[in-house]
Amino acid sequence: MAFKTIIEPFRIKTVEPIKMSSVAERKNYIKNAHYNPFLLKSSQVIIDMLTDSGTSAMSQNQWAAMMQGDESYAGAASWERFYDAVNDLTGFEFVLPTHQGRAAERILYGYLGGKGKIFISNTHFDTTRANIEFSGATAIDIPVKEGKDFDSDYPFKGNLDITLLQQLIKKHGKNIAAVIVTVTNNSGGGQPVSMENMKAVSALCKKNKLLCILDCCRVAENAYFIKHREKAYANHSYRQIAQQMFALADGAIMSAKKDALVNMGGFLAVADKKLADACMNLLIITEGFSTYGGLSGRDMEAIAVGLKEVFDDDYLNYRIKSTAYLGDRIKQHGVPILYPIGGHAVYVDAKKLYPQIPVHEYPGQALVCELYTTGGIRCVEIGSVMFGKYNKSGKLIPAPQELVRLAIPRRVYTQSHIDYVIEVFDEVLKNSKKVKGLKITKEPQFLRHFTAHFERLK
Ligand SMILES: *Cc1c(COP(=O)(O)O)cnc(C)c1O
């Protein structure tokens, strides 16, 4: 018998209160935050879907493990448990603990990069691209063309375009510093990469003696999609699938703030001793000694446990199904979304929802503000506020899409919270014709979406 309700596979033992608020209060809060939800206080938010990064709820076993945190400077027992967990999952001999994903990126890509070097990925995540470009190197994205078609139900839109990869290898040869496979493809909508694609990338890298790195932030979520969409893996466990992916790479970078189910942490793991030694030097200079890097003993304990828990069948089933539940429902109710739904977030097409708002009046930001004032939901615009640029005469060059991302924190919200979000969308849909855009009144030079101020257009 298949019941429709997605039961959270956990009971709640510690509660974090949510402060309720009225529409009138929220109108005031968002005005004072200059219509930028990044400037709201978390206490002014009812459902926080800003990001899935570092927002997971930890389990009783993670909290219990933290009490065993060994904070010795060198050779701590917590380090041994962390090393064993990472080594057992990834198979890589050399493990460098870092305070979050971007620290691992700075170390590895800073070392491999530099002027004239090329990095190739399905899509470089923004911190990945920033660290590569900061080193002077170039980052090239080669997602498959199906990844850009939002109505096709191609099952692995996170895949790399193998023909393009072959062409780039021919063209750039030894200047290619690494090929980075990001699972799931965060910037591409949390879409999965197939094992078949990973095998093809790995084979090309081996043949051409290129380094293949797995950006494995969401490797467990990716394994779910492989098991359910790639026939050959239907009888593998999620963990075995992840282990096979690691076996096809030469190293991995992880932001533990995602699939390690913790609030802070990361690592770099590699197979090659020479590469590990070079990175270790940078680790000790900028993060910390090799047996703790950027982490306290208790953090390493929580990650070691989280890396096991995340592969639990019941957890992954709940995780991916509850993301799909939100996406499917709002789609049925008439909200235009990107399809298929990825692992950690639902993306709404704000340009389709608000055809009356031109891109230079930021339809995505308008939706973000509507969701907040209507229901206290906080989410983020991924469109021309985030990626728009100006030409020489000060005219906006818009982003390719005007999206709004609803990211789902792990193990935090229940189905009733999600049902509430669906109801808020119904209300937002009812009023969609009346909504107006915004203009930017103040903005910094870089990463303007974090701190920009807006005004509502009349
Ligand atoms: C979050 C993320 C990173 C960066 O990790 P931080 O822990 O935020 O520094 C790198 N790559 C991908 C795919 C990510 O999602």
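Atoms within a ligand are numbered from 1 in the order they appear, just like the ligands themselves.
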Practice prompt. Classify the ring geometry between H417 and Y413 as parallel (under 30°), tilted (30 to 60°) or perpendicular (over 60°).
Written response: perpendicular
Discussion item. If the cut-off is 4.0 Å to any non-hydrogen atom of K258, which atoms of ligand 1 fall inside it?
Written reply: 1 (C), 2 (C), 3 (C), 5 (O), 14 (C), 15 (O)
Worksheet item: Which residue owns the protein heavy atom closest to atom 11 (N) of ligand 1, what's the atom, and how far is it?
Response: D215 OD2, 2.8 Å
Item to complete: Please verify whether a non-hydrogen atom of M264 lies at under 4.0 Å from ligand 1.
Response: no
Practice prompt. Note the single closest protein heavy atom to atom 6 (P) of ligand 1, along with its residue, its atom name and the distance in Å.
Written response: Q100 NE2, 3.3 Å
Worksheet item: For T51, which residues count as a side chain to side chain contact (heavy atoms under 4.5 Å, CB included) partner, sequence neighbours excluded?
Response: S53, T55, R405
Worksheet item: Going by the atom numbers of ligand 1, which of them fall below 4.0 Å from some non-hydrogen atom of R218?
Response: 15 (O)
Worksheet item: Who's the nearest protein heavy-atom neighbour of atom 10 (C) of ligand 1, and how far?
Response: E105 OE2, 3.3 Å
Discussion item. I need the nearest protein heavy-atom contact for atom 5 (O) of ligand 1: residue, atom name and distance, please.
Written reply: S255 CB, 3.2 Å
Discussion item. Regarding atom 13 (C) of ligand 1: of the candidates T98, T182, N185, T127, which has the closest heavy atom?
Written reply: T182
Discussion item. Any salt bridge linking K351 with E402? Criterion: basic side-chain nitrogen under 4.0 Å from a carboxylate oxygen.
Written reply: no
Fill in: Min side-chain heavy-atom separation L275-L112 under 4.5 Å
yes
Discussion item. Quick test of your reading of the model: are K273 and D277 salt-bridged, counting only N-O distances below 4.0 Å?
Written reply: yes
Worksheet item: Does anything in residues 222-234 pair up under side chain to side chain donor-acceptor pair (under 3.5 Å), and if so which pairs, sequence neighbours excluded?
Response: K199-Y233, H228-Y238
Discussion item. Taking 4.0 angstrom as the limit and counting only heavy atoms of K257, give me the atoms of ligand 1 inside it, by number and element.
Written reply: 7 (O)
Item to complete: Report yes if some N/O of S53 lies less than 3.5 Å from some N/O of ligand 1; otherwise report no.
Response: no
Worksheet item: Can you tell me if G266 has a non-hydrogen atom under 4.0 Å from ligand 1?
Response: no
Worksheet item: Out of T128, D141, N185, which one pairs with T123 under the side chain to side chain donor-acceptor pair (under 3.5 Å) rule?
Response: N185
Worksheet item: Would you say C217 and ligand 1 have an N/O pair spaced under 3.5 Å apart?
Response: no
Worksheet, complete the sentence: Any heavy atom of R102 under 4.0 Å from ligand 1? The part involved is both
Worksheet item: Of the options R218, R239, R410, R411, which is the one that meets D259 in a salt bridge (Lys or Arg N to Asp or Glu O under 4.0 Å)?
Response: R410
Worksheet item: Looking at Y29, is K41 sitting on its ring face, NZ or CZ under 6.0 Å from the six-membered ring centre and within 45 degrees of the normal?
Response: no
